[in-house]
2 protein chains.
Amino acid sequence: MPPNRREDGPPDLAGKAATINDIARLAGVSKKTVSRILNRSPLVRSDTREKVEKLMREVGYVPDPMARGLAFRRSFLIGMIYDNPTAQYIVDIQYGALDALRDSDFELVVHPCDSRSPDYVAGVRRFVQQQKLHGVILVPRVSEDQALCDMLDAIGCRYARVAAVSLEGPERMVVTHDRDGAAEVADYLQRLGHRDLAMVTGPAAYRSAMERTEGFVGALRRRGIELPASRIVEAGYTFESGVAAAERLLRGRNRPTAIFCGNDEMAAGVYRVALRMGLRIPEQLSVVGYDDSTLASRLWPPLTSVRRDTRDTGRMAAAMLLQPESAARPLASVRPHLVIRDSCQPPP
Amino acid sequence: MPPNRREDGPPDLAGKAATINDIARLAGVSKKTVSRILNRSPLVRSDTREKVEKLMREVGYVPDPMARGLAFRRSFLIGMIYDNPTAQYIVDIQYGALDALRDSDFELVVHPCDSRSPDYVAGVRRFVQQQKLHGVILVPRVSEDQALCDMLDAIGCRYARVAAVSLEGPERMVVTHDRDGAAEVADYLQRLGHRDLAMVTGPAAYRSAMERTEGFVGALRRRGIELPASRIVEAGYTFESGVAAAERLLRGRNRPTAIFCGNDEMAAGVYRVALRMGLRIPEQLSVVGYDDSTLASRLWPPLTSVRRDTRDTGRMAAAMLLQPESAARPLASVRPHLVIRDSCQPPP
DNA sequence: CTGAAAGCGCTTACAG
DNA sequence: CTGAAAGCGCTTACAG
């Protein structure tokens, strides 16, 4: 018999939440043993472990994250650092990260920032150090900033980088292979018979934009189609910049028969210009986007686009931070794939 | 002279972050005095306060939130509880909340949930109690759930409810006045000359849907227009449900000349059906949405819609939780307003 | 207006 | 495999 008077039902703790001391006392072990069980130490006899775990369940005991954090000198918080205007993308990464964090002791703290601001790295440092974060998820475009990662390394903060292409060792990367998604678009348009193509790219400073451009151009070249520089127009991943790029590409008589856009917002801009010019999609112009956002299926005709499994991406990034730091593993990859709708057909 | 050897420059603490003990020692006061300054106690002489604050700035001292939280028995975390599929809305509330939290000691922890699940209230309780949250922001539709609020009250958790209409005392509400936004739409359409109107509403279980419907119907009535029940079609705030509702309203020869939709997604559904039927917007059919999402300006013609200042809403909700519990204040209100684009004109 | 003691609920470092 | 002591960095309760 443990040295406590247990009646029927779970022990009453006068309405207050149980602490490690209550569990230790009720189980008749030291608090250090309870602590070992909490931290999954193998140095506990299995019958002791089972007895204590049963009691914890009955009492509904959950360790206090602040007390644990204070003793560990590290919190049970995962930070998500981002500078991305696309709401759906952000929310999907959050959902994915929370999928991975569910049933763990960790919670997600969000930290949007402005990577164009000169002191944003310092802002992230303050955030990480004040909260003693367990780790951070870095989303494009901040994930591409080596200075940010160097700072995190310097202060000993773990991170998981989501990026279009691998930027460092696999233990810290979730790679979305944007190059492959773009190549799939090139293959699809080529198979439809298009030879006279164009691309509206995102800002050259974004890895995603570069990867999508190079993936598209490279795959076309492999199929014998050379995309002239005049057919590659850089825009800003926004609707308005897509409009401006489309105006450049579609004026004059020498028009492309298909345009691949680095994201759906810019594709919506191309739609707008085509509509204004009386160019019918897909009869006179094929258009492909990237993201497969909800916008893609709201446009008319529904836009063919490259889908990214963003929620999976977030899940992998968070899962990576929960693993022991030493754990070796293969590169975390999320593969894009083309979702074919009604915005493309063979050239006129 | 304080009892410590200060050389030039900030005192060196061997690379480790300063603690309250360091500050107390360097300033020559007790840690309790430092603590009083941290907690803005008036019981500190102003010269003492200034000396200590200067030192804290020099050393870059920031109190440890976990240590404070452990002693306070309450964390420095604000939870955001939501069950809302609209990514832009969620992200905007988050930005707003973070605006209010900036330069405070608080951080934002996100907690999406599924309010249709029978144990979601229990899930929120676990979240709140484990993390000892300082307070939570409740976003529609969970903000409308009285059972949730009762639970939070029972466990002594502060909350701020965002809702279309006031549901309780002003100290816990941010009201978005959806009724007024819908009434503005009714006035606008009436002024354009429409008499034969229809509405696609959100689910009747949503307060926002009810308020928008009643606001629209009531304002029309005040202007002498009675909306028959057959002209009010309930849908699910989704694109697909908007399509189905539009099909019901637009088939047959007896069509309305204008449709007000409870959100932009459903308005996009109406656009789709109108396009399919060869009905031109706005020449043959006027359409108005609600939300003023980015979708509204991507559609063709650009959609007239009711804008909500969602970021302000989030800011107000978070600010409310930072105030002393006793602070009396007026009802926090966010006013909607109509953004006129190109989707309406006088009836044919 | 200021301070010394005890405590918040955990873990580390050490000993057995 | 288990435990007693000290400590993480703060605050509360009490005293002056």
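Note on naming: letters A, B, ... go to the chains in the order of the sequence lines (proteins, then strands), and numbering restarts at 1 for each one.
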How does DNA chain D look in dot-bracket form if you count Watson-Crick and G-U pairs under 3.5 Å, write [ ] for pairs that cross, and put | where a base pairs with another strand? |||.||||||||.|||
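Residue Val29(B) places its side chain closer to dG3(C) than to any other of dG3(C), dA4(D), dT2(C). Among the nucleotides dC1(C), dG3(C), dC1(D), the one closest to any side-chain atom of Ser30(B) is dG3(C).
Under the 3.5 Å distance criterion, the side-chain polar atoms of Arg161(A) are matched with a main-chain donor or acceptor of Ser143(A).
Here His134(B) and Phe76(B) keep their ring centres 6.0 angstrom or further from each other.
Here Pro65(A) lies out of heavy-atom contact (under 4.0 Å) with every strand.
For Glu50(B) and Lys54(B), the salt-bridge test fails: no basic side-chain N is under 4.0 Å from an acidic carboxylate O. Using a 4.0 Å cut-off between charged side-chain N and carboxylate O, Asp153(A) and Arg172(A) make a salt bridge. A salt bridge is absent between Asp309(B) and Arg315(B): the closest approach of a Lys/Arg side-chain nitrogen to an acidic carboxylate oxygen does not fall below 4.0 angstrom. The pair Arg68(B)-Asp105(B) meets the salt-bridge criterion, with a side-chain N (NZ, NE, NH1 or NH2) lying under 4.0 Å from an Asp/Glu carboxylate O.
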Would you tabulate the nitrogen or oxygen pairs shorter than 3.5 Å linking the protein to nucleotides 9-12 of chain C?
from    : atom 1 : to       : atom 2 : distance (Å)
dG9(C)  : N2     : Ala67(A) : O      : 3.4
dC10(C) : OP1    : Tyr61(A) : OH     : 2.8
dC10(C) : OP1    : Asp64(A) : N      : 3.1
dC10(C) : OP2    : Ile20(A) : N      : 2.6
dC10(C) : OP2    : Tyr61(A) : OH     : 3.3
dC10(C) : O5'    : Tyr61(A) : OH     : 3.3
dC10(C) : N4     : Lys31(A) : NZ     : 2.6
dT11(C) : OP1    : Asn39(A) : OD1    : 3.4
dT11(C) : OP1    : Asn39(A) : ND2    : 2.6
dT11(C) : OP1    : Arg68(A) : NH1    : 3.3
dT11(C) : OP2    : Ser35(A) : OG     : 2.3

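With sequence neighbours left out, Lys132(B) forms a salt bridge (Lys or Arg N to Asp or Glu O under 4.0 Å) with Asp64(A).
A donor-acceptor pair shorter than 3.5 Å can be found between the side chains of Asp145(A) and Tyr120(A).
Within the 4.0 Å cut-off from OP1 or OP2 of dG3(D), at least one side-chain nitrogen or oxygen of Thr33(A) is found. At the phosphate of dC1(D), neither OP1 nor OP2 sits under 4.0 Å from any side-chain N or O atom of Thr48(A).
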